Colleague: 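The structure that follows is given in the form of structure tokens.
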There are 2 protein chains.
Amino acid sequence: MGDRQVPDIVVGRLPIYLRALTFLKADNREITSSQELGDRLGISSAQIRKDLSHFGEFGKQGTGYEIRYLENNLKEILHVDRMWDVVLVGAGDLGNALASYKGFAGRGFHVAAAFDADPDKIGHEMPGGLLIEDVANLEARVQAAGWKIGIIAVPADAAQSVANTLVGAGVIALLNYAPISLIAPSSVRVEQIDPAVHLQHLTYYLG
Amino acid sequence: MGDRQVPDIVVGRLPIYLRALTFLKADNREITSSQELGDRLGISSAQIRKDLSHFGEFGKQGTGYEIRYLENNLKEILHVDRMWDVVLVGAGDLGNALASYKGFAGRGFHVAAAFDADPDKIGHEMPGGLLIEDVANLEARVQAAGWKIGIIAVPADAAQSVANTLVGAGVIALLNYAPISLIAPSSVRVEQIDPAVHLQHLTYYLG
DNA sequence: GGTCTATTGTCAAAAGTTGCACAATCATAG
DNA sequence: CTATGATTGTGCAACTTTTGACAATAGACC
């Protein structure tokens with residue numbers, strides 16, 4: 001195909017396909033099929049083929065998909081055929097975990113700087129060796145560096161204000177770990193992660 | 001109404017409504033409307049009314065929703081009108097962050113135990129004071145305690161095996177932080193959190 | 001070269017989800 | 001006690017997403 005305007009729900013599945021492909025590659029596999037991917041991911045094979053068809057034709061009839069080829073294409077589509085600097089705000093336990101997370105590097109991301117408001121933390125290093133900077137300098141630093149992606153790992157009552165600062169400084173993609181729904185201009189993409197929300201989704205199904 | 005079989009996508013929004021209500025309550029507000037909630041959450045007011053209508057009639061025409069009343073009803077619907085013990089596997093940086101996360105208590109969850117495979121960690125305490133136990137005892141401990149909810153915060157290559165152990169021991173709800181898609185029986189609910197997946201979803205929209 | 005098997009990409013149908021619009025109704029004010 | 005304004009719950013229509021089915025075709029084998 002060649003649609004413009006791919007549904008967001010389709011876009012959201014691509015990183016999962018990419019993750020599965022990288023995993024298969026690490027297993028020295030060279031070819032896979034929509035069937036095999038679907039089985040691994042709990043998704044129907046038709047959906048995988050349909051999703052991919054929004055972006056091109058990546059498979060061969062009778063054979064399937066060349067893993068390395070499809071992986072490269074997905075990386076390109078998702079713009080992770082490059083490294084993205086990410087700015088982290090909040091150097092608490094969660095911030096520490098994110099700063100020292102080894103999984104980002106192989107998937108297109110690099111935590112470029114970390115900020116906090118706590119004077120006891122400012123000037124010290126995070127576990128990964130990153131310097132904790134003063135959140136007062138956040139706006140200026142983001143603007144100067146041109147960072148586009150922010151991760152918010154501050155308490156709920158500070159999150160909206162941090163988000164506003166980041167957006168004001170030019171950030172256009174936010175990953176929010178604070179347990180509130182951020183308000184942002186429609187030009188800014190926001191993803192939210194709240195473990196309690198996920199757990200409560202689960203408990204609905206527990207008698 | 002009084003449907004049986006509420007769509008899962010509706011269930012997934014309830015925790016977000018609940019979070020917003022708790023937030024409003026903390027602001028000493030007593031009444032709200034579907035309009036106000038929608039504006040705060042970036043959801044249409046009609047959708048909120050329709051979602052709630054699956055479970056009953058909680059509002060008053062002309063007035064709106066009594067915050068405390070709706071909050072209590074949502075807690076009951078989501079089964080978080082009680083505390084749930086949660087078993088945490090993985091005492092790395094992320095496990096530490098989860099164990100010391102203050103946000104769980106007010107929302108129905110208590111990290112009851114933590115396990116790891118690393119002999120250097122076993123027997124020591126996590127930041128929150130929780131003892132790190134040997135993952136070799138995971139199955140027996142889960143079975144004995146009757147825990148139903150597990151959080152997986154181990155590396156990708158250990159995650160499926162941990163999930164299998166938990167499920168074998170009676171866990172029926174899993175929150176998985178490892179970057180792989182877990183396979184589980186259909187009787188087990190799984191939620192996945194992978195920051196790189198969320199970030200890649202965002203970068204699609206970054207030129 | 002012809003036959004067989006596997007698997008894609010896509011069309012159309014089915015299923016699911018969202019939004020619109022409005023009667024019903026509650027609270028308030030005159 | 002009536003008029004006014006606000007806001008719910010819901011039927012229906014519009015829209016979105018998923019599934020099923022199959023022609024097309026690549027590759028393997030005889």
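Letters go in sequence order (proteins before strands), and every chain restarts at 1. Predicted model, so just to flag it, every value in this text is computed and none were measured.
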Colleague: Which side chain to side chain donor-acceptor pair (under 3.5 Å) pairs, counting each pair once, include a residue from residues 160-174 of chain A, with sequence neighbours left out?
Modeller: A/Q160-A/N164
Colleague: side-chain contact (heavy atoms from CB on, under 4.5 Å) with A/Y177: which of A/I151, A/V89, A/V154?
Modeller: A/I151
Colleague: To the nearest angstrom, how far is B/Y65 atom OH from C/dT25 atom C1'?
Modeller: 14 Å
Colleague: Regarding B/E57 and B/R49, does a basic nitrogen lie under 4.0 Å from an acidic carboxylate oxygen?
Modeller: no
Colleague: Can you see if the side chain of B/S44 gets near the phosphate of C/dG19 - specifically, an N or O under 4.0 Å from OP1 or OP2?
Modeller: yes
Colleague: Please determine which of A/V11, A/L14, A/V10, A/I77 meets the side-chain contact (heavy atoms from CB on, under 4.5 Å) test together with A/H54.
Modeller: A/V10
Colleague: B/E57 has a side chain; which of D/dG9, D/dT17, C/dT17 sits nearest to it?
Modeller: D/dG9
Colleague: Write down the distance between CD1 (B/I48) and P (D/dT10), rounded to a whole number of angstrom.
Modeller: 16 Å
Colleague: With sugar-phosphate meaning primed atoms plus P, OP1 and OP2, does A/L52 contact a base, only sugar-phosphate, or nothing at under 4.0 Å between heavy atoms?
Modeller: nothing
Colleague: Rounded to whole Å, how long is the line connecting atom CG of B/N73 with atom P of D/dG9?
Modeller: 11 Å
Colleague: Looking at C/dC20, D/dT7, C/dC26, which one has an atom nearest to any side-chain atom of B/K60?
Modeller: C/dC26
Colleague: For nucleotides 1-6 of chain C, which of its nitrogen or oxygen atoms have a protein nitrogen or oxygen under 3.5 Å away, and what is each distance?
Modeller:
none

Colleague: For C/dT17, does OP1 or OP2 lie under 4.0 Å from any side-chain N or O of B/R13?
Modeller: no
Colleague: Provide the full list of side chain to side chain donor-acceptor pair (under 3.5 Å) pairs with a residue in residues 148-159 of chain B, sequence neighbours left out, each pair given once.
Modeller: none
Colleague: Are any of the side-chain nitrogens in A/R68 or A/E30 under 4.0 Å away from the carboxylate oxygens of its partner?
Modeller: no
Colleague: According to the salt bridge (charged side-chain N to carboxylate O under 4.0 Å, His left out) rule, which pairs have a member within residues 182-192 of chain B, sequence neighbours left out?
Modeller: B/D8-B/R189
Colleague: Using atom names, set out every protein N or O paired with an N or O of nucleotides 28-30 of chain D below 3.5 Å, distance rounded to 0.1 Å.
Modeller:
none

Colleague: Between D/dG9 and B/K50, counting only base atoms on the nucleotide and side-chain atoms on the residue, is there a donor-acceptor pair under 3.5 Å?
Modeller: no
Colleague: What's the closest nucleotide to the side chain of B/S53 if the choices are D/dA26, D/dT10, C/dT8?
Modeller: D/dT10
Colleague: Starting at atom CD1 of B/I31, determine the distance to atom P of D/dA6, rounded to an integer number of angstrom.
Modeller: 16 Å
Colleague: Out of C/dG9, C/dT17, D/dT8, which nucleotide sits closest to the side chain of B/R49?
Modeller: D/dT8
Colleague: Please state how far atom CD in B/E66 lies from atom P in D/dT7, giving the value in whole angstrom units.
Modeller: 16 Å
Colleague: Figure out the CD/P separation between A/Q47 and C/dA15, and round it to whole Å.
Modeller: 16 Å
Colleague: Just compare C/dT8, C/dC22, C/dG19 and give me whichever is closest to any side-chain atom of A/S34.
Modeller: C/dT8
Colleague: Taking all non-hydrogen atoms of both residues into account, name the closest pair between A/Q143 and A/G168 and its distance.
Modeller: NE2-O, 3.9 Å
Colleague: Tell me, which pairs form a salt bridge (charged side-chain N to carboxylate O under 4.0 Å, His left out) where one or both residues lie in residues 103-114 of chain A, sequence neighbours left out?
Modeller: A/R107-B/D194
Colleague: Please determine which of A/V87, A/L166, A/L88 meets the side-chain contact (heavy atoms from CB on, under 4.5 Å) test together with A/I152.
Modeller: A/L166
Colleague: Report the distance from atom CD of B/E36 to atom P of D/dT7, rounded to the nearest whole Å.
Modeller: 10 Å
Colleague: Grab the CG-P distance between A/D8 and D/dT18 for me, whole Å please.
Modeller: 12 Å
Colleague: Out of D/dT18, D/dG20, D/dT7, which has the shortest distance to the side chain of A/A46?
Modeller: D/dG20
